[in-house]
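The block underneath contains the structure these notes are about, expressed in structure tokens.
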2 protein chains.
Amino acid sequence: MASTTRPPGRPRSSVDAEVFAATLRTVHELGYTRATVDRIAAAAGIAKTTIYRRWPSKGALVTACLVDAFGPLPLAGSAREEDVTAAVRFGARRIAEPGVAAAFAGVFTDAIGDPGLREILSTQLQDPYRQVLTESLGLSEQRVLFFIDVVIGTLLHRMGMTGEPMVESDVDALIHMLQRELG
Amino acid sequence: MASTTRPPGRPRSSVDAEVFAATLRTVHELGYTRATVDRIAAAAGIAKTTIYRRWPSKGALVTACLVDAFGPLPLAGSAREEDVTAAVRFGARRIAEPGVAAAFAGVFTDAIGDPGLREILSTQLQDPYRQVLTESLGLSEQRVLFFIDVVIGTLLHRMGMTGEPMVESDVDALIHMLQRELG
DNA sequence: CGGTATCGATACTAATCGTAGCGAAACCCG
DNA sequence: CGGGTTTCGCTACGATTAGTATCGATACCG
């Protein structure tokens with residue numbers, strides 16, 4: 001079992017959720033580039049140094065924020081067709097939340113050319129979803145990667161370019177396309 | 001006709017092509033964030049101030065670079081099926097060129113929260129392709145936008161995440177999917 | 001109360017974007 | 001050749017930002 005003994009010293013204040021909310025709010029309002037750590041800290045009502053005590057960089061903070069925002073994939077595990085529908089709708093809903101697409105685009109841009117952040121992004125966000133989808137859909141890894149790129153890429157591009165989430169009919173078209181392709 | 005009279009003063013040196021090449025090369029090596037204007041200027045063998053005399057910002061430079069790298073869409077104009085194939089293969093080929101995907105992701109990230117750059121990106125890069133595709137494919141604007149988001153989003157996401165262009169079989173799968181959807 | 005770790009606040013370094021000003025160079029015209 | 005005009009390279013600069021260092025105050029434990 002997990003140890004119930006507390007480490008010595010002053011415990012950390014439980015403001016992680018508040019910081020995540022402040023991060024997404026700030027990124028939503030100003031975009032990733034202008035969402036400075038100073039502003040995020042101010043929006044969360046804490047000191048900037050506290051943020052750097054918990055996350056090693058701005059990119060790592062935003063990544064943790066995305067991991068928290070996405071949460072686990074709600075997959076049944078057996079019915080492939082329903083799984084595809086559920087996964088696409090899940091992705092569409094999360095990416096449509098304020099700030100998520102901008103945060104993803106920003107951390108993704110920073111990760112190119114920053115191997116440390118790339119590692120964080122891979123292990124904490126991408127790999128878990130890749131694994132769960134590979135197991136759930138019963139497809140080869142190449143097929144799953146193709147599937148993910150189509151869904152996430154399309155949704156992110158739409159959100160980032162227009163600032164508006166995909167209309168429902170387009171999400172349906174995307175689902176329909178993928179079910180034909182995978183079925 | 002266009003005026004053939006030259007304006008007075010020293011003419012601009014013809015290094016635009018060299019600057020574009022240096023920009024993509026630098027972005028390819030270091031990513032958008034670490035590809036500073038100083039480094040790009042050094043790679044092109046010119047002074048940084050010369051770059052700012054021709055393009056108002058780093059984002060505008062990279063956008064001009066992308067416009068130059070993509071060029072016009074080679075569309076026949078009549079056969080829809082062939083047009084779809086040609087457009088997808090065109091996009092896949094250009095986005096696979098070194099630095100293009102990273103440049104696109106970076107300028108796209110900067111554009112969120114920078115209305116001026118957003119305007120440049122829209123008018124110089126997105127609108128022309130949107131218009132040409134709407135005319136060529138004979139589809140509603142909404143359908144064309146959906147089409148573009150799927151293609152560009154998917155290709156960009158793949159390139160950005162893996163650093164590798166899409167394998168040929170995935171490009172074929174993408175084309176197949178879209179032709180079914182549009183046909 | 002003593003030990004330990006966090007918190008807020010301030011100050012600081014290193015990059016980086018973008019601008020200003022300068023003398024030199026290139027081109028045109030007379 | 002000489003004057004007018006614009007670009008060029010260069011240096012310096014201001015503003016913003018990521019990330020670090022430090023210090024006194026604070027919260028929890030035994």
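Just so we're on the same page: letters track the sequence lines, and every chain starts at 1. This structure is a prediction, so every number in the text was calculated from the model and none was measured.
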> Between Tyr129(A) and Phe90(A), how do the two ring planes meet: parallel, tilted or perpendicular, split at 30° and 60°?
Replying inline: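 The rings of Tyr129(A) and Phe90(A) sit tilted, inter-plane angle from 30° to 60°.
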> Just by distance, do the side chain of Thr109(A) and the backbone of Ala105(B) share a donor-acceptor pair under 3.5 Å?
Replying inline: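 Yes, the answer is positive, given that a donor and an acceptor are paired below the 3.5 Å cut-off.
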> Residues from residues 98-122 of chain A sitting under 4.0 Å of DNA chain D, heavy atoms only?
Replying inline: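 Within this stretch, nothing sits under 4.0 Å of the strand.
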>> Is there, by distance only and without an angle test, a donor paired with an acceptor across the side chain of Arg6(A) and the base of dG30(D) below 3.5 Å?
In response: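 In this structure, the two groups form no donor-acceptor pair.
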> Looking only at N and O atoms, is any donor in the side chain of Arg10(B) or the base of dT7(D) less than 3.5 Å from an acceptor on the other one?
Replying inline: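 Answer yes: a donor N or O sits under 3.5 Å from an acceptor.
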Provide, to the nearest angstrom, the distance between the [atom1] atom belonging to [X] and the [atom2] atom belonging to [N].
X	N	atom1	atom2	result
Tyr52(A)	dA5(C)	OH	C1'	22 Å
Arg12(B)	dT5(D)	CZ	P	19 Å
Ile46(A)	dA27(D)	CD1	P	16 Å
Ile51(B)	dT7(D)	CD1	P	16 Å
Trp55(B)	dC17(C)	CH2	P	15 Å
Arg53(B)	dG18(C)	CZ	P	16 Å

Euclidean distance, [Y] [atom2] relative to [X] [atom1], rounded to 0.5 Å:
X	Y	atom1	atom2	value
Tyr32(B)	Phe108(B)	OH	CZ	12.5 Å
Thr134(A)	Gln142(A)	OG1	CD	12.0 Å
Ile46(A)	Arg53(A)	CD1	CZ	9.5 Å

> Nearest nucleotide by nearest heavy atom, which residue falls closer to the 5' end of DNA chain D, Ala47(B) or Gly9(B)?
Replying inline: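 Comparing both residues, the 5'-ward one is Gly9(B).
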>> Under a 4.0 Å threshold between the charged nitrogen and the carboxylate oxygen, would Arg34(A) count as salt-bridged to Asp110(B)?
In response: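 Here Asp110(B) does not pair with Arg34(A) in a salt bridge, since their nearest N and O are not under 4.0 Å apart.
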>> Using heavy-atom distances to pick each residue's nearest nucleotide on DNA chain C, tell me which of Val15(A) and Pro7(B) is more 5'.
In response: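 Residue closer to the 5' terminus by nearest nucleotide: Val15(A).
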>> Of the listed nucleotides (dC10(D), dT7(D), dT5(D)), which one gets closest to any side-chain atom of Arg54(B)?
In response: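 My answer, after comparing the listed nucleotides, is dT7(D).
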> Quick one: which of dG19(D), dC7(C), dC28(D) gets closest to the side chain of Ser57(A)?
Replying inline: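 Given the options dG19(D), dC7(C), dC28(D), the side chain of Ser57(A) is closest to dG19(D).
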Nucleotides 11-16 of chain C: which of its N/O atoms have a protein N/O under 3.5 Å away?
{"unit_1": "dT16(C)", "atom_1": "OP1", "unit_2": "Arg39(B)", "atom_2": "NH2", "d": "3.2"}

> Partners of Thr85(B) by side-chain hydrogen bond (donor to acceptor under 3.5 Å, both in side chains), sequence neighbours excluded?
Replying inline: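 Once residues adjacent in sequence are excluded, the partners of Thr85(B) under the side-chain hydrogen bond (donor to acceptor under 3.5 Å, both in side chains) criterion are Gln179(B).
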> Is atom CD of Glu82(B) surrounded by more than 12 heavy atoms (other residues, nucleotides or ligands) closer than 6.0 Å?
Replying inline: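 For Glu82(B), atom CD is not crowded (no more than 12 foreign heavy atoms under 6.0 Å).
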>> Can you confirm whether Leu137(B) sits close enough to Arg143(B) that some side-chain heavy atom of one is under 4.5 Å from a side-chain heavy atom of the other?
In response: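 Side chain of Leu137(B) against side chain of Arg143(B), heavy atoms only: no contact under 4.5 Å found.
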